[in-house]
Protein chains: 2
Amino acid sequence: MKATIKDVAREAKVSIATVSNVINGKDIVKKETREKVTRVIEKLNYVPDQAARTMIRKKTNTIGMVVPSLSNEFWGSLAGNIQRQLLNFGYTLLILTTESDPKVEQISLNTLKERNVDGVIIASLGLGSKADKRYVEALLEWGIPLVSFHPYEKKLTTVWGDYMASSMEVVDHLISLGHTKIAYIGSYLSGIERELGYRNSLMLNRIPVDERLMISGQEEKFEFFSQYGYDCAKKLCKDNVEFTAIFCSNDLIAIGAIKAFEDMGMHVPTDKAVVGFDDINMASLYRPALTTVRQPITEMASSAVTILIEQIEKPDTDHFAKTVTFPMKLIIRESSGAQI
Amino acid sequence: MKATIKDVAREAKVSIATVSNVINGKDIVKKETREKVTRVIEKLNYVPDQAARTMIRKKTNTIGMVVPSLSNEFWGSLAGNIQRQLLNFGYTLLILTTESDPKVEQISLNTLKERNVDGVIIASLGLGSKADKRYVEALLEWGIPLVSFHPYEKKLTTVWGDYMASSMEVVDHLISLGHTKIAYIGSYLSGIERELGYRNSLMLNRIPVDERLMISGQEEKFEFFSQYGYDCAKKLCKDNVEFTAIFCSNDLIAIGAIKAFEDMGMHVPTDKAVVGFDDINMASLYRPALTTVRQPITEMASSAVTILIEQIEKPDTDHFAKTVTFPMKLIIRESSGAQI
DNA sequence: CTGAAAGCGCTTACAG
DNA sequence: CTGAAAGCGCTTACAG
């Protein structure tokens with residue numbers, strides 16, 4: 001049977017309060033007493049019970065993370081990075097995948113509460129805007145320290161990238177290569193900023209936006225990005241509106257699109273130039289190698305962790321709902337058809 | 001402030017014992033009382049505190065999972081599946097990524113103990129055989145319920161696939177296409193069985209095993225499978241030992257190898273037929289689409305979860321260290337050059 | 001310095 | 001059926 005603080009107290013002939021003071025390193029304990037207690041602790045192989053401590057201290061040293069899926073390199077990598085960095089601070093990560101399913105989202109919210117996590121990281125939600133808002137509000141109302149990788153709410157501390165600016169850079173890049181008929185495939189899971197960047201770039205370059213060339217993906221329900229990209233690319237081609245280049249809101253969508261184009265007998269980048277987003281591992285290995293935008297995942301994870309820990313451990317400080325924006329980097333490879 | 005059982009009891013004008021009985025689904029509660037309490041629970045948004053429960057029940061309802069990395073579709077998918085299935089049983093998953101780093105492995109072991117997890121799932125270790133053995137033995141000595149996806153130890157309950165048989169099938173497939181010079185690239189993270197299957201098939205087909213065509217990957221330290229596959233493929237070609245086909249122990253390695261071949265001016269499958277393993281999402285989207293072996297991840301996750309939960313919740317039953325082996329499925333696509 | 005006591009939020013006999 | 005009470009293993013004022 002595991003020894004408790006009582007066993008130690010009895011054996012050392014002191015009170016449990018004294019034992020508590022010893023294990024918590026309070027220097028009010030007389031040296032001899034401390035040594036006596038320490039000896040008994042070792043003898044009985046006593047380890048304080050975490051659950052009891054948690055109950056009193058109101059701190060679990062656990063951080064919750066909400067993410068749509070782990071079978072996706074970007075989120076998996078983000079989660080792994082965060083997990084390892086948290087470990088250095090003495091925290092443990094509780095990952096909850098939601099599969100963009102409202103029911104599962106709800107369960108995940110309950111789990112977060114049950115487990116009494118000290119803070120929450122929102123990697124991405126996928127419920128659609130209204131449900132997202134409710135979800136975040138429930139968290140906000142709960143009053144728990146929060147960091148999000150997407151600015152769902154003004155009151156939310158956010159760590160993210162300059163997705164709009166980098167998307168503009170992508171489209172500028174395509175335009176500089178001579179393209180004017182540029183399509184777009186997005187997904188609600190990657191936010192609206194890429195689409196805005198796409199629109200802005202076109203407008204600034206005085207190219208009319210053709211809504212028939214855009215699939216926002218704000219409504220679709222999909223399981224796999226690459227299949228989605230494949231389907232969307234085919235749909236765009238069937239619609240018979242000419243385009244020579246396409247910007248996809250993540251690499252998996254881009255790879256699906258490329259596959260679709262090739263299946264239809266087109267060649268990338270000659271017939272269709274393609275650009276993705278994220279620079280997943282596969283991007284440089286795909287054929288053609290993918291032109292894409294690299295997110296500094298490790299640094300972003302580190303930033304989120306640092307901010308969250310500070311919020312938790314210095315609750316008295318005023319914590320503004322600041323937004324930390326990381327620069328992205330356009331990585332030009334074969335799929336956009338640039339001379340490299 | 002978070003609502004407690006007392007708040008609910010006061011609001012519903014019942015005792016905390018009754019509230020407890022309601023939240024624990026004890027059917028001794030009168031229907032009207034239950035409904036009244038349920039209403040208050042929802043109104044107050046009450047969620048039972050796990051720490052308090054844990055203290056009494058001596059159970060954290062947390063399962064630990066050790067996995068080398070999450071930025072990999074196979075493991076990420078496995079982890080996500082396990083996490084969601086555990087949630088149905090009321091358990092939470094604590095994922096520890098080790099990055100195949102012995103120091104991190106050690107920390108993960110301590111974390112598992114501190115957190116008092118109820119059981120542990122070993123997805124894969126990556127320390128090398130001796131360290132693996134020590135790791136598993138520490139877990140076994142601790143006496144905690146354990147399920148592994150690799151049979152590191154006889155005393156270990158294992159859920160895995162018939163990797164040897166399916167690897168034989170792969171090589172048989174290549175041989176049936178006329179290949180006799182077949183190379184192999186493995187990794188210690190995917191075990192030795194694929195290599196054994198490769199060797200067995202060659203032997204049974206009376207094709208001498210040429211060690212120069214094999215890279216076991218039992219020693220290498222590598223971060224990214226695809227880069228590893230790329231490097232190995234180049235190395236094999238430089239060694240100037242002729243081969244016309246190659247079997248890679250996972251899809252990422254295979255994709256890296258294909259990229260290498262194409263970069264060297266060879267064509268897949270004409271010049272080199274390539275087969276991978278796992279059937280990740282990307283496999284069907286790569287060009288050429290990858291011939292590979294599909295693992296039934298969901299079913300394997302489900303099996304591991306069921307077995308582990310049973311070990312935890314029925315500790316008095318005799319639990320043999322059984323091995324559950326799942327069948328794999330050869331998926332023939334373009335990269336092996338078969339007529340489809 | 002040290003100890004008696006209250007209390008964290010639950011579950012579980014046990015009495016009514 | 002329902003409630004009062006004990007108790008899980010700790011920490012933390014507070015009294016001495």
Side-chain angles (χ1 to χ4, degrees), chain A residues 1-41 44-62 110-118 142 144, chain B residues 1-41 44-62 90-92 113-116 118 313:
Chain A
M1 212 46 227
K2 244 182 89 172
T4 74
I5 198 170
K6 279 184 190 167
D7 301 322
V8 177
R10 195 187 318 112
E11 187 86 8
K13 295 185 173 51
V14 295
S15 73
I16 60 168
T18 299
V19 178
S20 177
N21 284 332
V22 171
I23 54 185
N24 288 303
K26 298 259 165 66
D27 49 359
I28 55 169
V29 185
K30 196 165 65 174
K31 199 184 162 203
E32 294 142 45
T33 314
R34 183 173 53 240
E35 282 168 355
K36 184 173 58 181
V37 171
T38 306
R39 230 174 294 125
V40 175
I41 285 175
L44 298 186
N45 206 10
Y46 167 70
V47 179
D49 184 276
Q50 289 301 321
R53 282 188 154 172
T54 290
M55 200 166 73
I56 297 169
R57 294 181 177 170
K58 304 283 168 235
K59 188 147 178 297
T60 53
N61 275 47
T62 299
N110 289 340
T111 305
L112 253 20
K113 285 198 172 181
E114 274 176 8
R115 295 286 163 170
N116 249 304
V117 295
D118 296 332
W142 181 15
I144 191 160
Chain B
M1 209 48 225
K2 240 186 90 171
T4 73
I5 197 169
K6 279 183 191 168
D7 301 321
V8 177
R10 194 186 318 111
E11 186 87 6
K13 296 186 171 51
V14 296
S15 71
I16 59 168
T18 298
V19 178
S20 176
N21 284 332
V22 170
I23 56 186
N24 288 299
K26 299 258 165 68
D27 50 357
I28 54 169
V29 185
K30 198 165 63 178
K31 199 183 163 205
E32 295 141 44
T33 314
R34 182 173 54 239
E35 282 167 357
K36 184 173 58 183
V37 171
T38 306
R39 233 174 291 126
V40 175
I41 286 176
L44 298 185
N45 213 1
Y46 166 71
V47 181
D49 182 275
Q50 282 300 322
R53 282 187 156 169
T54 290
M55 200 167 70
I56 297 170
R57 296 181 177 170
K58 303 284 167 237
K59 192 150 172 293
T60 55
N61 275 44
T62 299
Y91 287 78
T92 258
K113 284 198 175 182
E114 276 170 13
R115 295 285 163 167
N116 251 304
D118 296 332
E313 302 193 344

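A note on names: the letters A, B, ... follow the listed sequences, proteins ahead of strands, and every chain is numbered from 1.
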Task: For atom CD1 of A/Ile41 and atom C1' of D/dG9, their distance in whole Å - done: 14 Å
Task: Heavy-atom pair with the smallest gap, counting every atom of A/Ile23 and A/Tyr46 - done: CD1-OH, 3.8 Å
Open item on the list: Please determine whether a side-chain nitrogen or oxygen atom of B/Thr33 lies at a distance below 4.0 Å from atom OP1 or OP2 of D/dT2.
Closed with: yes
Open item on the list: Please report the interatomic distance CG(A/Asp118) to CD1(A/Ile144), rounded to the nearest 0.5 Å.
Closed with: 7.0 Å
Open item on the list: Dot-bracket for DNA chain D, please. Rules: Watson-Crick or G-U, both distances under 3.5 Å, ( ) within the strand, [ ] when a pair crosses earlier ones, | for another strand, . otherwise.
Closed with: |||.||||||||.|||
Task: Candidates C/dC10, C/dG3, D/dA5 - which lies nearest the side chain of A/Ser15 - done: C/dG3
- [ ] May I have the distance from B/Ile16 (atom CD1) to D/dC8 (atom C1'), rounded to whole angstrom?
- [x] 13 Å
Open item on the list: What's the separation between atom CG in A/Asn61 and atom OG1 in A/Thr54, rounded to the nearest 0.5 Å?
Closed with: 7.5 Å
Task: Phosphate OP1/OP2 of C/dG3: any A/Thr18 side-chain N/O under 4.0 Å - done: yes
Task: Nearest-nucleotide comparison on DNA chain D, the residue closer to the 5′ end among B/Ala52 and B/Val14 - done: B/Val14
- [ ] In whole angstrom, give the distance that lies between atom CE of B/Met55 and atom C1' of C/dT12.
- [x] 13 Å
Open item on the list: If we check side chain to side chain contact (heavy atoms under 4.5 Å, CB included) with B/Arg34, which of these qualifies: B/Lys36, B/Glu32, B/Lys31?
Closed with: B/Lys31
Open item on the list: Can you see if the side chain of B/Lys26 gets near the phosphate of C/dT12 - specifically, an N or O under 4.0 Å from OP1 or OP2?
Closed with: yes
Task: Under 4.0 angstrom between B/Lys6 side-chain N/O and C/dC8 OP1 or OP2 - done: yes
Open item on the list: Taking the minimum atom-to-atom distance to the side chain of A/Lys58, which one of D/dT12, C/dG9, D/dG3 wins?
Closed with: C/dG9
Open item on the list: Taking only side-chain N and O atoms of B/Arg53, does any of them lie within less than 4.0 angstrom of OP1 or OP2 on C/dC10?
Closed with: no
- [ ] Whole angstrom is fine here: how far is it from CD1 in A/Ile28 over to P in D/dA15?
- [x] 15 Å
- [ ] Assign B/Lys31 to base, sugar-phosphate, or nothing according to its heavy-atom contacts below 4.0 angstrom with the strands shown.
- [x] nothing
TODO: Tell me yes or no: between the side chains of B/Arg53 and B/Asn24, is some donor less than 3.5 Å from an acceptor?
DONE: yes
- [ ] Could you work out which one of C/dC10, D/dC1, C/dA5 sits closest to the side chain of B/Lys30?
- [x] D/dC1
TODO: Indicate whether OP1 or OP2 belonging to D/dT11 is found under 4.0 Å from a side-chain N or O atom of A/Ser20.
DONE: yes
TODO: Name the nucleic acid region contacted by A/Thr4, choosing base, sugar-phosphate or nothing; use a 4.0 angstrom heavy-atom cut-off, strictly under.
DONE: sugar-phosphate
Task: Interatomic distance where CZ belongs to A/Arg10 and C1' belongs to D/dG9 [whole Å] - done: 13 Å
TODO: State which of D/dT11, D/dG3, D/dG9 makes the closest approach to the side chain of A/Asp49.
DONE: D/dG9
Open item on the list: Show the nearest heavy-atom pair for residues A/Thr60 and A/Asn116, with the distance to one decimal.
Closed with: OG1-O, 2.9 Å
Task: Atom-to-atom span, CG of B/Asp7 to C1' of C/dC10 - whole angstrom - done: 13 Å
TODO: Determine the minimum heavy-atom distance between B/Lys2 and A/Lys113, stating which atoms define it.
DONE: NZ-O, 3.2 Å
Open item on the list: What is the distance, to the nearest angstrom, from the OH atom on A/Tyr46 to the C1' atom on D/dG9?
Closed with: 7 Å
- [ ] Please work out if B/Thr54 contacts a base, only the sugar-phosphate, or nothing of the nucleic acid, heavy-atom cut-off 4.0 Å.
- [x] nothing
Open item on the list: To check you understand the geometry: which heavy-atom pair defines the closest contact between A/Ala9 and A/Ser15, and what is its length?
Closed with: CB-C, 3.9 Å
Task: Comparing B/Ile56 and A/Val29 on DNA chain C - which has the more 5′ nearest nucleotide - done: A/Val29
Task: Side-chain N or O of A/Asn21 closer than 4.0 Å to phosphate OP1/OP2 of C/dT2 - done: no
